[in-house]
Amino acid sequence: MRIEIVEGDITGRPVDAVVNAANSSLLGGGGVDGAIHRAAGPELLAACRELRATTLQDGLPVGAAVATPGFGLPARWVIHTVGPNRHAGQTNPALLASCFTESLRVAEGLGVRSLAFPAVGAGVYGWDARQVAQVAFDAVRSYVARSEEGGEQGVELVEFVLFGPETVADFRYVLEGAP
Ligand code: AR6
């Protein structure tokens, strides 16, 4: 498994799946969620509405993940997850860790080999980017340890696709240690 840090827009990444930092409604929003819906096109919203009408009538819980096709995106799949909203008092990092772990589990179930994450929670939901990085890397490393135990061929490449040099520096600091 390789972990890479990429600066840029996640919607253009040529990976098997991109993760969306959604909200429980799954019906779109700002930030990376808005960008993914714009790039994927209206079929993505229709697929999310279908989930809400069927298996997710109460919405997607915080820390859970669910997949839809990627439609107009280069990625075949979008894996939607919902970070805890610090501004709503959701400050438990275990819920944030669950976003990464559950997304990896869904990805593996789809046979995804390459997966791109944004900095889930580090925008509107108010998490510090370094804390997001720490939680994310820990979750990915535990995933690797588990899949090695099971001898499975799971996700081989995890990209963190980040907006802006500051977030990139925060993720690099956590991944590689202080310069
Ligand atoms: N590519 C990569 N990263 C991006 C992009 C992009 N195109 N656009 C924004 N970011 P946020 P959250 C970065 O707010 O904190 C939405 O309204 C952004 O700079 O998208 O989990 C949802 O509907 C930040 O570093 O997600 C929810 O209501 C990171 O992505 C709520 O926001 C995450 O910021 C979720 O908030």
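Atoms within a ligand are numbered from 1 in the order they appear, just like the ligands themselves.
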Which N or O atoms of ligand 1 sit under 3.5 Å from a protein N or O, and how far apart is each pair?
from, atom 1, to, atom 2, distance (Å)
ligand 1, 1 (N), I10, N, 3.0
ligand 1, 7 (N), D9, OD1, 2.9
ligand 1, 14 (O), V124, N, 2.8
ligand 1, 15 (O), G121, O, 3.4
ligand 1, 15 (O), G123, N, 2.8
ligand 1, 15 (O), V124, N, 3.1
ligand 1, 15 (O), Y125, N, 3.0
ligand 1, 17 (O), G30, N, 2.7
ligand 1, 20 (O), V32, N, 2.8
ligand 1, 21 (O), G121, N, 2.9
ligand 1, 23 (O), N23, ND2, 2.7
ligand 1, 23 (O), D33, OD2, 2.7
ligand 1, 28 (O), N23, ND2, 3.3
ligand 1, 28 (O), Y125, OH, 3.4
ligand 1, 34 (O), G123, N, 3.4

- request: May I ask you to decide if the ring planes of F137 and F171 are parallel, tilted or perpendicular, using 30° and 60° as cut-offs?
  value: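 F137 vs F171 ring planes: perpendicular.
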message: Does R76 have more than 12 heavy atoms from other residues, nucleotides or ligands lying within 6.0 Å of its CZ?
response: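 No - once you tally the heavy atoms of other residues, nucleotides and ligands closer than 6.0 Å, there are 12 at most.
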field: Electrostatic pair R2-E156, nearest N-O below 4.0 angstrom
entry: no
- request: Determine, step by step, whether Y125 and Q90 satisfy the side-chain hydrogen bond (donor to acceptor under 3.5 Å, both in side chains) criterion, reporting the C-alpha distance in whole Å, the side-chain angles of both residues, the deciding distance to 0.1 Å, and the verdict.
  value: CA-CA 9 Å; Y125 282 175; Q90 294 167 345; over 6 Å; no
- prompt: Can you name the one residue among P118, S103, S98 that meets side-chain contact (heavy atoms from CB on, under 4.5 Å) with T81?
  reply: S103
- request: Kindly write out the residues that satisfy side chain to side chain contact (heavy atoms under 4.5 Å, CB included) with L27, not counting sequence neighbours, or none if the list is empty.
  value: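 For L27, the residues satisfying side chain to side chain contact (heavy atoms under 4.5 Å, CB included) (neighbours in sequence not counted) are S25, L45, R49, R52.
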